[in-house]
Every structure is written in C-alpha cells, then in structure tokens.
Amino acid sequence: MAVDLHTHSTYSDGSATPGEIVAAAVGAGLSGIALTDHDNLDGIAECRAATIAAGIAFIPGTELSVQWRDRSMHMLVYFLEPGDGPLQSRMEELRRGRADRNSEIAQRLRSIGIDLTLEEVAATAGGTVVGRPHFAAVMIAKRYVATVGEAFDRYLANGRPCYVDRPRLAAIDAITLADDSGGIAVIAHPHTLGLTAPEYAAAFEELVEAGLGGIEAYYGEYAPELRARIAEICSDLGIVATGGSDYHGSYKPHLQVGTGKGDLRVPDHAMTDLFAAHSMR
Ligand code: AMP
Ligand code: ZN
Ligand code: FE
Ligand code: FE
C-alpha cells in the first residue's frame, strides 16, 4: 500500500476540502494521509474525522516557510495538534506576517494596473489562510493571466515585481519549536534548495542534531533515482524518508492525491516510520 504525507486543502491554498482529499486518498487505494496546510491547523479536526470514518491512518501537520542559510526552505511539521503550544503560538505571528504581506502584494498589483482588492482575494480563499495562489486565481478570473504559473512567473514569484517577503522562523528554531510542541520537523522538497544530493548529508547535519526528523524523499518533482538516493541519505542520517504529492487541487491541476504526476508512490513505511519516530520522542 501507499500513503501521501503532503496535501493542501481549502484551509490553505488547495481547492479540495479535507473530506474530498480523504475520498481521493481512498479512491487511490492509500492506507493513510497527512494534511499539511500552510501555517495553520484549522483543517485537522475535520480531516481526522474523515480518515476515521474512511478507516485510513492520519497524521496532523502543517507546512512552514523557514529561513535556512540565505534561502527559503519549506519545513513540514508532523504531529502538531491544534490548540496551545510554543510553535502554535509562533504560527499565529506567522499568519499576521502573511496578512501584512498580502495587503502589500495587493497594493503592488494595483500600482502596476491590475485591478484587484484584498477582499476579492480573501473571498476566493474562503476565509482561511490567504496565499499567492489565491491572488493568481483572481488574476485568472479577471483575465490578466491564463494560469497560476503565469501569475507567478510574471508577478508573484521571488524576484518578480509584486513579490513581497514575509517574516519566517529560522530552520533551527522551527525544529526546536516543533520538538517542544510534540511535533517532528521534516525538510520538504529539498531539490528547491539549490544543493546536489551528495551535499545533503553534510548540509543538514546541524539540523539533524537539532532534532530534524526526516527529509521528503518521495516527491513527484524528482526522478525516481533521486527519490531512492534521498531515502538512502535519510537512512544514513538515522532520520525518516517521508513523501507526498503536494496536492493542491485545481491550484496545481497536474498533481493527484497519492500519485502526484502519475509516477509517484510513497511507501507505507514512510508513515509507519514517522509514527515510530514520534512514539520514541
Ligand atoms: P505563499 O504561501 O503565499 O508564499 O505561496 C506559496 C505557494 O505558492 C506554494 O505552496 C505553491 O503552492 C505556490 N507556488 C510557489 N511558487 C510557485 C510557482 N512558481 N508557480 C506556481 N505555484 C507556485
Ligand atoms: Zn501551497
Ligand atoms: Fe512547499
Ligand atoms: Fe506544499
């Protein structure tokens, strides 16, 4: 059997509800999933209830954008529960930083002649965490661009005219706060960091010492050889090789729950190893 430990719902920048993601997971024959919405845990209760009803395993999670060296790294945090906790409190601040950033993005888009308001973007997001893909959706609806990718390439991506940075935790702090909050931090899609696989072990050693629990080895954007290579590196480092599709529904229409672009298969042990690592903390 297979699992999917990286999915986004309507509680961030996905278009499917947690219940729809669980239904898709069951349809794909998965034995378990994690929900990893950006910067919030608001969909966890709903998703957990749907997995219990469907009889598949569940891990609550979130995806944070953190600072590592001079770059942005995405960190998945698993086993983080809604409610009080050191990382949960910091996530509130991160959401405020995101809200400030969003009003600045709206202003910048208007200043270059794109007629759009933050209220319209928030309405598209449906009252949950607003991200750049929601800006892209409004720009598509108003025919400024044809695709989410075009909105990023022309306006929203880092280095483009309407990109606005936002406050981020340092990678080390995210790992420590995750640990202090009962969670396990895992580096998401490391190929976005501009390193080669042979550099990973040395580069991430410091993060492993701080409590890093895994690296996303099974991810659709890599060649199958790289997935196996990262899994090997995880094994050498004594951490878990996790994996997932990064499903976003219509915001990333080329990706499906479980199978990604079609060739992804995240083995069951990614999830059972993560449960085992959690029970040992
Ligand atoms: P935000 O949370 O507002 O920083 O937006 C980040 C999300 O935007 C990521 O999780 C991706 O889903 C999406 N994204 C980032 N870069 C691109 C890109 N170049 N093309 C399409 N989607 C992107
Ligand atoms: Zn996203
Ligand atoms: Fe990501
Ligand atoms: Fe993601």
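Counting starts at 1 for both ligands and their atoms, in listed order. As the structure is a computational prediction, the values presented were derived from the model and not from experiment.
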**Aromatic contact, Tyr251 with His134 (centres under 6.0 Å)** = yes
### Query
Under a 4.0 Å N-O cut-off, is there an ion pair linking Arg166 with Asp100?
no
*State whether a side-chain donor-acceptor pair under 3.5 Å links Tyr155 with Glu150.*
no
Taking atom types as modelled, is there a side-chain donor on Glu92 or Ser89 under 3.5 Å from an acceptor on the other? no
The Fe ion (ligand 4) has as its nearest N, O or S atom from Asp246 the atom OD1
Centroid-to-centroid, Tyr219 to His191, below 6.0 Å? yes
The number of protein N, O or S atoms lying under 2.8 Å from the Zn ion (ligand 2) is 4
- Item | N, O or S of His6 under 2.8 Å from the Fe ion (ligand 4) | yes
Worksheet item: More than 12 foreign heavy atoms under 6.0 Å from CD of Glu93: is that the case here?
Response: yes
Arg168 versus Ser72: any side-chain heavy-atom pair under 4.5 Å?
yes
(Q) For His189 and Glu216, which I'm curious about, is there any donor-acceptor pair between the side chains at under 3.5 Å? (A) no
Q. Got Glu63 and Asp37 here, is their nearest side-chain heavy-atom distance under 4.5 Å?
A. no
Atom name of the N, O or S atom of Glu63 nearest to the Fe ion (ligand 4) is OE1
Margin query: With heavy-atom distances below 4.5 Å as the criterion, would you say the side chains of Ser181 and Leu80 are in contact?
Written below: yes
Exercise. So, is His8 placed with an N/O/S atom under 2.8 Å from the Fe ion (ligand 4), counting both backbone and side chain?
Worked result: yes
Does the ring centre of Phe275 sit less than 6.0 Å away from the ring centre of Phe79?
-> yes
Can you produce the list of protein nitrogen or oxygen atoms under 3.5 Å from a nitrogen or oxygen of ligand 1, alongside each distance?
from	atom 1	to	atom 2	distance (Å)
ligand 1	2 (O)	Arg98	NH1	3.1
ligand 1	2 (O)	Arg98	NH2	2.9
ligand 1	3 (O)	Arg98	NH1	3.3
ligand 1	3 (O)	Arg101	NH2	2.8
ligand 1	3 (O)	Arg132	N	2.8
ligand 1	4 (O)	Arg132	NE	3.2
ligand 1	4 (O)	Arg132	NH2	2.9
ligand 1	10 (O)	His38	NE2	3.0
ligand 1	12 (O)	His248	NE2	3.1
ligand 1	12 (O)	Lys252	NZ	3.3

